[in-house]
Every structure is written in C-alpha cells, then in structure tokens.
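Note that these values count all heavy atoms, side chains included, but never hydrogens, waters or copies made by symmetry. First listed ligand is number 1; within each ligand, the first listed atom is number 1.
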Amino acid sequence: MKPSQHELTKSEWENSELFKNTTHLFHHAARKMNLDPNIEERLKWPKRAIVVSVPVRLDDLTIKTFIGYRVQHNMTLGPAKGGIRYHPDVDLSETTALAMLMTFKCSVVGLPLGGAKGGVRCDPTAMSRNELQRLTRRYTSEISNFIGPTKDVPAPDIGTDQQTMAWMMDTYSQEVGFAIPDVVTGKPIEIGGSLGRTDATGRGVVYALMEAAKYLDIALDENINVVVQGFGKVGNSAARKIEKIGCKVVAISDVSGGIYNKKGLNLDALEKYVKDNGTMKGSPDGDFVTNEEILELPCHILVPAAISNQITEKNASRIQCKIIAEGANGPTTFEADQILHDKNVFTIPDIVANAGGVTVSYFEWVQGIQKLFWSEKEVNNRLWNIMSDAFRRVVQTAEELKVDMRTASYITSLRKLSRAMLWRGFFP
Ligand code: GLU
C-alpha cells in the first residue's frame with residue numbers, strides 16, 4: 001500500500017499553529033526520553049473527534065448554524081476531561097491540540113483522567129443570554145452520546161462559565177430523565193459544584209509560582225513586579241492571589257490592551273472601570289499598553305493568561321522577566337522556548353502552571369460521585385499538595401535529564417502515560 005492509503009497524514013487536524021507547536025514539543029520530548037515509537041505514533045492522533053452543526057434560533061427569529069467540536073485525545077488513564085471553548089477561533093485543529101494538552105496535563109499532575117476539549121466557533125460577547133442558552137443546549141444534545149460521568153466530563157474554558165455548565169448539566173439530565181450533575185464540572189455550588197473551583201486555575205498558577213520561587217531561592221515580596229496578560233477568569237484570580245502573597249501587579253490587560261503602573265495597580269478600581277466601560281482602554285490608573293507591549297515590560301514574573309501563541313520567536317528576545325508562569329494553554333511557541341531558555345528565563349509550563357483548574361474539577365467530580373462535599377480549606381490544601389508535587393516531579397526530571405522545564409513536563413507526563421498504555425496494550 002502507498003503511505004497515503006494507510007497512514008493518517010495531512011488533515012484538518014494539523015492546520016493550526018497550536019497543533020504544530022504542541023506536536024513539535026511532544027516529538028521533541030519523545031526523542032529526549034526515547035519514548036517507545038509505537039506510543040509516539042498513537043499519541044500523535046486523537047482517539048475521537050466529533051464535529052457537529054449547532055442550529056440556533058437567534059433573537060431575531062432567524063436560524064444560524066454554528067460549528068461545534070468535541071475531541072477526545074486519550075482515555076487511557078480514565079474518563080476524558082477538558083473544557084468547552086466559545087471563541088471565533090475555535091476549529092478542529094486547535095481543539096485537538098488543546099485536547100492533547102489536557103491529556104498531558106492530567107497525566108503530569110497525576111489525575112486518573114484522560115484529555116479532551118470542545119468548543120463552538122462563535123463570538124459569545126455578541127450573543128444574548130437566550131441565544132447562548134439555546135446554543136449550549138443544542139450543542140450538548142449533539143454531543144450527549146459521547147459525554148457522561150464515566151466517559152467524558154466537560155468544564156468551562158474561554159467564553160464559558162458556570163451558567164454554561166448548568167445548562168449542559170440540565171440538558172444532559174433531561175435527556176437521561178434524572179439529574180446527573182457529574183457530567184460536567186465547574187458547575188454552580190447549588191447543583192453540585194465544588195468550593196474553590198472558580199478561582200482554582202489562578203490560585204494554582206500562584207501555588208506553582210511559590211514552589212518555583214522556593215526552588216530558585218527568590219523571596220516573593222513587594223519588590224517583585226508581576227505582569228499579567230489577561231483579565232479573564234485566570235488572569236484576574238491569579239493577579240488577586242499574587243497581591244495577596246505580597247507581590248506587586250504592575251500591568252494587566254484584557255483583549256483591548258492593558259494598563260501599566262510601575263507603582264502597582266489597584267485591581268478593584270480596574271475591575272470597576274472595565275465593568276462600567278467594557279474595556280480597559282482609558283483607565284486613569286496607569287499608562288495604556290498594547291497586548292504585544294505588555295509582554296515586553298520590565299518585570300520579575302510574567303503570567304500570560306490569555307490565548308495561545310503570544311510569545312514567539314519574534315518577541316522572545318525582548319522578554320525581560322526572570323520567571324514565566326503560563327496561565328493560558330500554549331502561550332509560548334517551541335522556537336520562543338529555546339530563546340527564553342538561552343536567556344535563562346525560568347518557565348513553568350502550561351500543563352503544570354494552569355493545572356489547578358482541572359485539578360479542582362477532578363475534586364468536584366470525586367465529591368459528586370461520593371456525594372460528600374469538602375470545605376474550601378480542604379479543597380485548597382489538596383490543590384496545594386498536587387501542584388507542589390507536580391512541580392517538584394518536573395524539576396526532578398529537568399535536573400535528571402538536563403532538559404528545560406517544558407520538555408521535562410512532557411517527559412514526566414509521558415513516562416506515566418506510556419507505562420499505562422503499555423500495560424493496557426493496543427486493541428485488538
Ligand atoms: N479549561 C480548563 C483547562 O484548560 C479546565 C478543564 C477542566 O476543568 O476539565 O485546563
């Protein structure tokens with residue numbers, strides 16, 4: 001047979017920058033650790049990718065059809081887990097890369113879960129609440145055969161929140177005939193959500209930072225200036241927690257750009273300004289900077305907590321921080337990583353730094369199954385243990401194999417996953 005007849009080669013799966021970058025990192029790590037080539041071959045592709053059309057009656061009574069996805073990358077370690085994204089850039093390839101990142105993320109922090117991601121290509125900021133409800137319910141219904149508490153458990157991501165999860169949970173439950181809260185995580189508390197889930201990703205970023213500072217022997221105090229790209233769920237909660245531990249947030253941005261103030265920002269005032277004006281632009285709290293400029297500001301710690309592909313070979317040499325903690329998924333490209341490594345910038349890679357969200361999602365799922373709920377303190381303590389263990393395991397791999405933190409995080413993840421895959425074997 002010619003290769004084109006029996007091999008999965010070029011497809012829509014491979015088109016996005018994030019897919020190219022994630023697979024590049026994966027193959028690089030595979031080479032460094034001598035990963036079994038059969039395992040490497042298997043993990044290149046998602047287990048399953050579902051594409052659905054989502055017809056929605058808009059408020060003007062016309063029907064518009066959106067395109068939705070759910071990609072399950074790997075389910076060796078347990079049910080697939082990963083968020084649902086509502087964003088104009090959602091496509092099959094990006095969703096697949098994000099699903100792959102979830103597989104590696106769950107494995108590196110030691111959760112008994114596989115990796116998935118889903119989304120609908122839409123602009124949720126331009127849609128009414130009713131339109132979003134209809135979109136969510138129809139999308140859920142279209143993928144309902146493939147999700148479930150023991151199969152695949154969605155959660156919030158960019159453009160979705162606890163209300164989205166409540167609609168998903170309700171739609172799925174209506175179809176089954178009784179309440180199945182464990183089909184999603186990131187739910188409101190009243191229907192089975194976990195305390196501490198909303199700010200878990202941001203909190204986890206800071207827990208990872210605290211471990212990194214300990215490792216690098218840096219005191220996290222008022223002399224440490226932090227720049228945060230992103231003022232959404234992750235950026236906002238990370239910034240607040242950074243302030244709480246005594247560091248100074250000197251710049252933060254949303255999609256419209258950011259605000260820089262050397263003396264430190266007043267996050268409450270900024271949040272109010274954004275609420276009143278819909279944008280950060282024009283805030284009197286500091287100087288306006290673009291989303292490109294914010295990454296290059298002088299600071300000790302940079303937290304990219306917006307979207308992917310922000311730190312690339314074009315701007316990496318101008319980055320001035322000592323530590324990068326990746327709140328977003330895939331904010332740094334493979335080429336940029338090499339430049340940053342040469343500049344001695346210490347990176348806490350996304351699959352470790354932002355794993356707090358999926359970790360507390362896992363706690364929510366566990367609490368739901370046992371119908372016994374924990375205090376916020378218990379959730380946070382358990383989160384701390386998982387984040388600090390994961391960080392230390394990755395540092396240990398980095399030291400052992402003399403590789404950068406990103407490669408070490410993939411290797412740590414792949415060591416566990418590949419052993420599990422070999423135990424189970426390939427079917428048939
Ligand atoms: N969307 C989040 C992530 O990218 C959370 C996923 C989850 O909780 O399942 O990690």
Side-chain angles (χ1 to χ4, degrees), residues 18 22 69-75 77-87 90 94-120 124 143 147-149 151-162 164-165 168-169 181-188 192-194 196-205 207-208 230 232-235 237-238 304-308 325-331 348-368 379 382-383 386-387 390 409 413:
L18 189 64
T22 309
Y69 306 92
R70 184 69 180 168
V71 180
Q72 296 162 348
H73 175 256
N74 188 278
M75 295 161 86
L77 298 174
K81 192 82 195 77
I84 303 286
R85 182 173 289 201
Y86 287 177
H87 192 272
V90 167
E94 189 194 73
T95 309
T96 303
L98 291 164
M100 192 183 275
L101 283 171
M102 288 309 301
T103 299
F104 299 151
K105 193 185 299 186
C106 291
S107 176
V108 76
V109 292
L111 308 180
L113 298 167
K117 200 81 174 198
V120 178
I143 62 164
I147 59 173
K151 289 198 243 179
D152 179 4
V153 185
D157 195 76
I158 295 174
T160 56
D161 58 14
Q162 55 174 1
T164 322
M165 293 306 114
M168 288 191 80
M169 175 270 188
D182 309 327
V183 64
V184 291
T185 60
K187 299 177 291 289
S194 173
R197 175 63 186 87
T198 320
D199 69 342
T201 313
R203 178 181 292 272
V205 168
Y207 285 174
K233 293 186 289 269
V234 183
S237 58
I307 50 171
S308 60
E326 296 183 336
N329 289 314
I348 316 173
D350 50 3
I351 60 170
V352 178
N354 72 33
V358 72
T359 300
V360 177
S361 271
Y362 162 63
F363 295 162
E364 179 175 331
W365 181 68
V366 167
Q367 293 170 82
V379 168
R382 286 179 185 266
L383 175 62
I386 286 190
M387 292 300 294
S409 69
S413 171

**Message:** Which residues pass the salt bridge (Lys or Arg N to Asp or Glu O under 4.0 Å) test with D157, not counting sequence neighbours?
**Reply:**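 For D157 the salt bridge (Lys or Arg N to Asp or Glu O under 4.0 Å) partners, ignoring immediate neighbours, are R85, K117.
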At under 4.0 Å between heavy atoms, which part of [X] makes contact with ligand 1: side chain, backbone, both or neither?
| X | value |
| --- | --- |
| P154 | neither |
| R197 | side chain |
| L101 | neither |

**Prompt:** Where do W365 and P79 come nearest, in terms of heavy atoms and distance?
**Reply:**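 It is CZ2-CG, 3.7 Å.
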**Request:** Kindly give the heavy-atom pair with the smallest separation between Q72 and A80, and that separation in Å.
**Result:**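 Closest pair (atom of Q72, atom of A80, distance): CG-CB, 4.2 Å.
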**Request:** Kindly confirm or rule out an N or O of T185 lying under 3.5 angstrom from an N or O of ligand 1.
**Result:**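 No; every N/O pair is 3.5 Å or more apart.
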**Prompt:** Quick check: does M102 get an N/O under 3.5 Å from an N/O on ligand 1?
**Reply:**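 No, no N or O pair falls under 3.5 Å.
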Listing, residues 198-205 side-chain donor-acceptor contacts under 3.5 Å, not counting sequence neighbours, or none:
unit_1	atom_1	unit_2	atom_2	d
D199	OD2	R203	NH2	3.4
R203	NH1	Y207	OH	3.2

**Request:** Give the single entry among P156, G82, A155 that approaches atom 2 (C) of ligand 1 most closely by any heavy atom.
**Result:**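 Closest candidate by heavy-atom distance is P156.
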**Message:** Under a 4.0 angstrom heavy-atom cut-off, which atoms of ligand 1 come close to S361?
**Reply:**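 What qualifies from ligand 1 is 7 (C), 8 (O), 9 (O).
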**Request:** Spell out, as yes or no, whether a donor-acceptor pair under 3.5 Å connects the side chain of T95 to the backbone of Y69.
**Result:**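 Looks like no, no N/O pair under 3.5 Å.
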**Prompt:** Quick one: does D152's side chain have a donor or acceptor within less than 3.5 Å of a partner on I147's backbone?
**Reply:**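 Absent.
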**Prompt:** Out of D350, T359, N354, which residue meets the side chain to side chain contact (heavy atoms under 4.5 Å, CB included) rule with K105?
**Reply:**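 With K105 as partner, side chain to side chain contact (heavy atoms under 4.5 Å, CB included) holds for just one option, N354.
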Shortest protein contact, [atom] (heavy atom only):
| atom | value |
| --- | --- |
| atom 1 (N) of ligand 1 | D157 OD1, 2.8 Å |
| atom 3 (C) of ligand 1 | K105 NZ, 3.4 Å |
| atom 9 (O) of ligand 1 | K81 NZ, 2.8 Å |

